[in-house]
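What you are looking at is a predicted structure, and each value in this text was computed from that prediction instead of being measured. Just so it is clear: chains get the letters A, B, ... in the order the sequence lines come, proteins before strands, and each one is counted from 1.
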Amino acid sequence: MRTRELFAPTLRQISGEVELASHRLLLRAGFVRQLAAGMYSLLPLGLRVVRKIENIVREEMDAAGAQELFLPALHPLELWEKTGRAQYWGDELMKLKDRTGRPFCLGGTHEEVITQLASEVKSYRELPFTLYQIQTKFRDDPRPRGGLIRVREFTMKDAYSFDRDVPGLDSSYETMVEAYHKIMQRVGLPYHVVDASGGGIGGWDTREFELPTEAGESHYLRCDSCGYAATPEVAQCKAEIEPPTEEEQALERVDTPDRRTIEEVTEFLGVPPKKLVKTLIYEADGRVVAALVRGDRDLSEDKLQLALGAKKLEMAEAATIERVSSAPVGFAGPVGLKEAEILADNELRGERNFITGGNEADLHLRNVNFGRDFEVKDWADLRNGEAGDLCPGCGEPLRAYRGIELAHVFKLGTIYSEPLEAHFLDEDGERKPMVMGCYGLGTTRMMAAVVERFNDDAGIIWPMAVAPYEAVIILLNHDDEEHRAIAEQLYVELQQDGFEVLLEDRPERAGVKFKDADLIGIPGQIVVGRLAGEGKVEVRRRGGESRTVPVGEAGGTLRELLSSNLPA
RNA sequence: CGGGGCGUAGCGCAGCUUGGUCAGCGCGCCUGCCUUGGGCGCAGGAGGUCGCCGGUUCGAAUCCGGCCGCCCCGACCA
């Protein structure tokens, strides 16, 4: 491709509102343009990068035995209603109607569609298999942000495995995880594998592949010494229980007029938040439960649900809270609570003389103690992990990270195959739902992640694996016949040698060409300039080495300089 | 959805507090000359219903109300 013809409008300046490096550079270098919030056009250069990423993903998926197919983006809403996800996703699901008024949605993910398709399987003999597609997803995010990091329309590779049982799923899952490791390594991105929760997809044993960067929007905790990593909701907390040192003191009633929140109460009473115990009322599969965590901690709903073995967990409605606590919302406490069974966080075992809600309007209780004042039904790890918590593996303190979520894998089990009746007949003659896994990887997001990780003051520095072109020939003096001839000859020869080459032949000044070449970030640069008269050119690696060589050696030198994925 | 910010020429911005002489700057673009290894130089030129609607006023980019759009933080989320 010649830059004279290439549609890649570069920008000298960009609005100060655009903050992320990846967002700024992809816009400035002419890879993407924004159509509306969270909606981006991929320009020719951007599309080439995404295609490279897709091809790596495709090769690794195929190598792992997965089969590519292509599903509709438009789904009958009815299908999402069958699994309950139409309601669960709510407004995040883009909905529309056809001319007859039949409701549809734009697929935010494809579990329903693929499961219905897979329900054609009749026998265990046809299992297992894994299907994948690379497709546009639509999610009506309440707040798109960060350029291409979080958008409303994006492309994703989503794979789904179907097995006859859980051991089969475990094996399919590991195969996909291995493929993901290979993909990350080929692209060249550093990453952490993080234990996570299922969220809107569901399932268990889910893991995220995170690019560690402050620009990211995911938060996780990681042990730098052993590599254990998890999101706060699922990070296992080692409870360091110290034997109580205080003597139990007499229970006291304290008036706390209109003080409901932890902040209000601690400020009013002049005590630190950790002296309080929060009482959170939930409904789990229809029963009411109260979860107790220290005042300065956050409850993990994932952990509570796990501890309860509940299928569905929701915060109780205000009316329920008022009923069981006999008080307005904000004054619930464990002492004298009605109906609800009480679960307490492990960390509270050593606590004495704490403050709780009083189950009465404008009342809290001081010097509350376990056993004497109320009974706990179960103890469990219920709180979110925090930076500084001790690693459950090796005991070192965990560190807080931010990251860009590149990929996410889930074990789904039968949560989709049951409602959609994707059954098969097993060897024992029994009809069983297929056991599923799903494996997502955002390809457009990955492009942004690569830029976020590989750039300098001058622009992008593409890894070879995903560069839009491998080399650019920069013809400085386009009017000089001899120079032009050399550039044209190199252009042909390098392509014959298998390089993907861009020829910078615009009638621009040298400075413009250099600036744009650095901004666009193509790894190989061949400068045809003042030394061309002596039959020499400069061969450079963007962000790395530069050599002046005879024209005839340009190809070999280029190959050498580009032999690594990243500049040395 | 809560909090904050922004919307003026193709792009980036100033002007708004204190209404009138306020349609301005830089880049880009067009013409000519010059220059040709890091976003040259000089001269001339084109280009804007100041996001939209309404209000206040003799007069609104500027003040007021409503709406729309975009960015950031939070909630939420893959």
Side-chain angles (χ1 to χ4, degrees), chain A residues 9-20 23-24 27-30 33-39 85 88-93 107-111 137-147 149-158 194 196-203 206-210 215-219 231 233 298 301 403-410 438-446 449 457-459 474-480 483 504 506-520 525 527-533 536-538 540 546 548:
Chain A
T10 56
L11 305 170
R12 294 192 181 203
Q13 287 172 308
I14 193 163
S15 169
E17 281 194 338
V18 179
E19 293 182 353
L20 276 194
H23 193 196
R24 294 184 74 82
L27 285 168
R28 283 194 57 212
R33 284 294 183 265
Q34 185 182 50
L35 178 64
M39 297 155 65
R85 284 212 300 180
Y88 185 85
W89 274 43
D91 287 337
E92 193 158 336
L93 191 62
T109 171
H110 280 74
E111 281 78 12
K137 307 292 187 209
F138 300 88
R139 297 184 188 179
D140 195 356
D141 200 284
R143 178 155 103 84
R145 69 186 86 170
I149 304 295
R150 186 162 150 184
V151 292
R152 298 200 286 182
E153 176 180 338
F154 57 100
T155 57
M156 176 166 132
K157 186 284 302 175
D158 46 325
V194 178
S197 84
I201 308 285
T206 89
R207 290 181 218 161
E208 298 169 349
F209 286 70
E210 296 272 355
E217 53 148 15
S218 326
H219 294 264
T231 59
E233 312 84 67
D298 289 323
E301 293 186 2
I404 296 174
E405 184 184 329
L406 299 165
H408 202 158
V409 294
F410 308 74
C438 88
Y439 318 93
L441 185 152
T443 52
T444 38
R445 178 184 277 182
M446 185 172 270
D457 290 343
I474 305 171
L475 171 60
L476 290 184
N477 191 341
H478 55 275
D479 290 331
D480 186 308
H483 292 194
E504 170 55 274
R506 291 176 302 170
E508 294 285 351
R509 296 178 58 82
V512 174
K513 297 187 182 197
F514 284 131
K515 290 286 186 194
D516 275 352
D518 287 348
L519 179 61
I520 290 169
Q525 300 181 345
V527 182
V528 179
R530 62 160 76 103
L531 299 169
K536 289 183 179 171
V537 293
E538 271 172 75
R540 310 171 171 181
S546 172
T548 301

Exercise. Using the C1' atom as the reference point in each nucleotide, state the distance between B:rU8 and B:rU62 in Å, no decimals.
Key: 12 Å
Restricting to nitrogen or oxygen on both sides, can you table the protein-nucleotides 6-12 of chain B pairs closer than 3.5 Å?
unit_1: B:rC11; atom_1: O2'; unit_2: A:Q13; atom_2: O; d: 3.4

Practice problem: Name the pairing partner of B:rG44, where a pair is Watson-Crick or G-U wobble with both distances under 3.5 Å, or state none. | Solution: B:rC30
Exercise. Name the nucleic acid region contacted by A:G90, choosing base, sugar-phosphate or nothing; use a 4.0 angstrom heavy-atom cut-off, strictly under.
Key: nothing
Quiz item: B:rC77 base to A:R150 side chain: any donor-acceptor pair below 3.5 Å?
Solution: yes
Quiz item: Say you pick atom C1' in B:rC11 and the same atom in B:rG28; how far apart are they, in whole Å?
Solution: 7 Å
Exercise. Return the nucleotide paired to B:rG20: Watson-Crick means purine N1 to pyrimidine N3 with N6-O4 or O6-N4, wobble means G-U with N1-O2 and O6-N3, both under 3.5 Å.
Key: B:rC58
Practice problem: Can you tell me the pairing partner of B:rG2 across any strand shown, Watson-Crick or G-U wobble, with both distances under 3.5 angstrom? | Solution: B:rC73
Practice problem: Would you indicate what A:V409 reaches in the nucleic acid, counting non-hydrogen atoms under 4.0 angstrom: base, sugar-phosphate, or nothing? | Solution: nothing
Exercise. State which residues pass side chain to side chain contact (heavy atoms under 4.5 Å, CB included) with A:R207; sequence neighbours excluded, sorted by chain then number.
Key: A:Y173, A:E174, A:V177, A:V193, A:D195, A:V409
Exercise. Just name whichever nucleotide pairs with B:rC50, Watson-Crick or G-U, keeping both distances under 3.5 Å, else none.
Key: none
Quiz item: If we take the P atom in both B:rU35 and B:rC42, what is their distance in whole Å?
Solution: 15 Å
Quiz item: NA contact type, A:A36, heavy-atom cut-off 4.0 Å: base, sugar-phosphate, or nothing?
Solution: sugar-phosphate
Using nucleotides 36-38 of chain B, report all nitrogen or oxygen pairs with the protein that are shorter than 3.5 Å.
unit_1: B:rG37; atom_1: O2'; unit_2: A:R530; atom_2: NH2; d: 2.7
unit_1: B:rG37; atom_1: N7; unit_2: A:R530; atom_2: N; d: 3.0
unit_1: B:rG37; atom_1: O6; unit_2: A:R530; atom_2: N; d: 3.0
unit_1: B:rG37; atom_1: N1; unit_2: A:E538; atom_2: OE2; d: 2.4
unit_1: B:rG37; atom_1: N2; unit_2: A:E538; atom_2: OE1; d: 3.3
unit_1: B:rG37; atom_1: N2; unit_2: A:E538; atom_2: OE2; d: 2.8
unit_1: B:rG37; atom_1: N2; unit_2: A:R540; atom_2: NH2; d: 3.3
unit_1: B:rG38; atom_1: O6; unit_2: A:R540; atom_2: NH1; d: 2.6
unit_1: B:rG38; atom_1: O6; unit_2: A:R540; atom_2: NH2; d: 2.9
unit_1: B:rG38; atom_1: N1; unit_2: A:D518; atom_2: OD2; d: 3.3
unit_1: B:rG38; atom_1: N2; unit_2: A:D518; atom_2: OD2; d: 2.5

Self-check item: 5' precedence on RNA chain B between A:R12 and A:L20 (nearest-nucleotide basis)
Solution: A:R12
Quiz item: Does a side chain donor of either A:T231 or A:H219 reach within less than 3.5 Å of an acceptor in the other side chain?
Solution: no
Quiz item: Which is true for A:R152 with a 4.0 Å heavy-atom rule: it touches a base, it touches only sugar-phosphate, or it touches nothing?
Solution: nothing
